[in-house]
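Some notes on the structure that comes next.
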Protein chains: 2
Amino acid sequence: MKYVEKLRNSGLRPTKQRLQICEVLFNTEKTFHFTINELEQKIKKQANNKISLATVYNTVHAFEKKGYLKQIPINSSETYFDTNVTDHHHFYDLKEEKLIDLDNSDVGPINILKKINGKKIKSVEVLVKLED
Amino acid sequence: MKYVEKLRNSGLRPTKQRLQICEVLFNTEKTFHFTINELEQKIKKQANNKISLATVYNTVHAFEKKGYLKQIPINSSETYFDTNVTDHHHFYDLKEEKLIDLDNSDVGPINILKKINGKKIKSVEVLVKLED
DNA sequence: ATCGCAGTTTATAATGATTCTAAAAAAGTG
DNA sequence: CACTTTTTTAGAATCATTATAAACTGCGAT
Ligand SMILES: [Mn+2]
Ligand SMILES: [Mn+2]
Ligand SMILES: [Zn+2]
Ligand SMILES: [Zn+2]
């Protein structure tokens with residue numbers, strides 16, 4: 001399995017459930033955005049067996065902590081995750097409630113002039129809300 | 001009362017509760033960020049009488065709809081609101097879980113090059129996460 | 001291979017922010 | 001005041017997420 005190493009190197013045991021979730025999340029051409037519920041549906045369909053919801057949450061949080069996923073800050077009732085962990089930005093289509101990637105090259109360089117004492121910048125994220 | 005007109009002009013009846021919440025939210029030098037629970041505490045202390053939690057929610061949402069407040073997209077269990085409704089950006093101090101304003105002038109001009117067919121840009125918000 | 005243990009999964013319960021409900025109170029109108 | 005509409009309210013409901021604790025599994029040591 002191609003994800004066994006990845007998991008072992010992260011100190012995560014390559015369990016059947018984690019490997020299945022890896023397939024769904026990472027074995028694709030394109031990266032994508034998802035909620036936990038969307039992921040659960042995808043697993044059920046693509047791997048056609050169910051993984052406990054608690055395990056899906058646990059795994060997503062474990063992967064996030066290891067840097068394989070990131071959370072997108074959106075005002076939505078459900079948390080959105082992204083399999084694209086490179087620095088990039090987002091459109092948020094308010095009507096469709098869908099995220100669309102915005103490459104760094106689609107946004108001019110962002111220069112934060114203000115400094116906060118004793119703190120360093122961890123990330124800079126732009127959210128562009130879209131309406132009709 | 002200085003907020004009676006403001007409410008009437010928005011089609012909101014100037015009730016005792018709304019006026020009290022106006023005092024807490026808008027009768028200050030500086031704008032600020034808050035969660036519903038922080039606002040409830042502030043009301044209890046500053047106006048020393050309690051307003052039903054449902055009313056605080058109702059009022060905050062009514063004010064948001066009228067454009068007197070805005071919601072800040074953050075990954076937090078509680079929703080954050082802002083009494084500063086001008087276009088501006090935010091630092092988010094991950095350890096303190098506090099928002100700090102970033103003026104437009106503290107961030108270079110942002111130019112979104114990508115266009116989405118049939119959609120227009122409603123807002124552009126930058127979130128800068130801070131760590132130690 | 002077997003043992004033993006820490007790590008993981010799971011069903012289910014608990015939590016907690018937010019929303020809903022429907023009855024009582026207050027505001028606006030004349 | 002009498003009447004209508006809006007608002008407030010306490011409490012219940014909702015629902016995404018997290019906690020629990022028992023069963024299971026991966027894996028290194030014997
Ligand atoms: Mn989370
Ligand atoms: Mn809300
Ligand atoms: Zn993305
Ligand atoms: Zn602000």
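Below, chain A is the first sequence line, B the second, and so on; all start at residue 1.
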What pairs with Tyr57(B) under side-chain contact (heavy atoms from CB on, under 4.5 Å), at least two apart in sequence or on another chain? Ile36(B), Leu53(B), His61(B)

ring-ring contact (aromatic ring centres under 6.0 Å, His included) partners of His90(A), counting only residues at least two apart: His33(A), His88(A)

Please determine if a side-chain N or O atom of Thr35(A) lies less than 4.0 Å away from the OP1 or OP2 oxygen of dA16(D). no

Is there side-chain contact between Arg18(A) and Leu12(A), with heavy atoms separated by less than 4.5 Å? yes

I need the residues from residues 49-57 of chain A with at least one non-hydrogen atom less than 4.0 Å from DNA chain C; give them sorted by number, or say none. Ile51(A), Ser52(A), Ala54(A), Thr55(A)

Filtered N/O pairs between nucleotides 27-30 of chain C and protein, under 3.5 Å:
residue : atom : partner  : partner atom : Å
dA27(C) : N3   : Arg13(B) : NH1          : 3.2
dG28(C) : OP1  : Arg8(B)  : NH2          : 3.4

Is any side-chain heavy atom of His89(A) closer than 4.5 Å to a side-chain heavy atom of Leu127(A)? no

Distance check: side-chain N/O of Thr79(A) vs OP1/OP2 of dA16(D), anything under 4.0 Å? no

Who passes side-chain contact (heavy atoms from CB on, under 4.5 Å) against Asn27(B), sequence neighbours left out? Lys2(B), Tyr3(B), Glu23(B)

With sequence neighbours left out, write down each residue that passes side-chain contact (heavy atoms from CB on, under 4.5 Å) with Gln41(B), or none if nothing qualifies. Lys44(B)

Expressed as a whole number of angstroms, how long is the span from Gln71(B):CD to dA17(C):C1'? 13 Å

Ignoring the backbone of Gln17(B), work out which of dT9(D), dA16(D), dT9(C) is nearest its side chain. dT9(D)

Would you mind listing the cluster partners of Phe91(A)? Hydrophobic ones only (ILVMFWY), side-chain contacts under 4.5 Å, chaining allowed. Ile100(A), Leu102(A), Val107(A), Ile110(A), Ile112(A), Ile116(A), Ile121(A), Val124(A), Val126(A), Val128(A), Leu130(A), Phe91(B), Ile100(B), Leu102(B), Val107(B), Ile110(B), Ile112(B), Ile116(B), Ile121(B), Val124(B), Val126(B), Val128(B), Leu130(B)

Check the distance between dA16(D)'s P and Glu78(B)'s CD and give it to me in whole angstrom. 18 Å

Would you kindly give the CD-to-P distance between Glu40(B) and dG16(C), to the nearest whole Å? 15 Å

Where do N or O atoms of nucleotides 13-15 of chain C meet protein N or O atoms at under 3.5 Å, pair by pair?
none

Partner of Phe81(A) by ring-ring contact (aromatic ring centres under 6.0 Å, His included), out of Phe63(A), Phe34(A), Tyr68(A): Phe34(A)

Rounded to 10 degrees, the angle between the two terminal axes of the helix from dA1(C)-dT30(D) to dG30(C)-dC1(D), each from five pairs: 30°

Go through the steps for Ile43(B) and Val56(B) under the test side chain to side chain contact (heavy atoms under 4.5 Å, CB included), then give the verdict. CA-CA 9 Å; Ile43(B) 292 165; Val56(B) 178; 4.1 Å; yes

Taken to the nearest whole Å, CD1/Ile21(B) to P/dT9(D) is 9 Å

Between Pro14(A) and Leu7(A), the two heavy atoms sitting closest are CA-CD1, 3.7 Å

Each residue besides Val85(A) in its hydrophobic cluster should be listed here, by chain and number; the cluster joins Ile, Leu, Val, Met, Phe, Trp and Tyr at side-chain heavy-atom distances under 4.5 Å. none

Rounding to a whole Å, what distance do you find between Ile43(A):CD1 and dT9(C):C1'? 13 Å

Can you tell me the distance, in whole Å, between the CG atom of Leu7(A) and the P atom of dT25(D)? 18 Å

Quickly work out the Arg18(B) CZ to dA25(C) C1' distance and round it to whole Å. 14 Å

Assess the side chains of Thr86(B) and Asn84(B): does a donor N or O sit below 3.5 Å from an acceptor N or O? yes

How close or far is atom P of dA19(D) from atom CG of Asn58(A), stated in whole angstroms? 10 Å

Taking only N and O in the side chain of His61(A), is any of them less than 4.0 Å away from OP1 or OP2 of dT18(D)? yes

Which pairs pass salt bridge (charged side-chain N to carboxylate O under 4.0 Å, His left out) with one or both residues in residues 100-119 of chain A, sequence neighbours excluded? Lys119(A)-Asp93(B), Lys119(A)-Asp132(B)

Residues that Glu125(B) engages under salt bridge (charged side-chain N to carboxylate O under 4.0 Å, His left out), provided they are two or more places apart: Lys129(A)

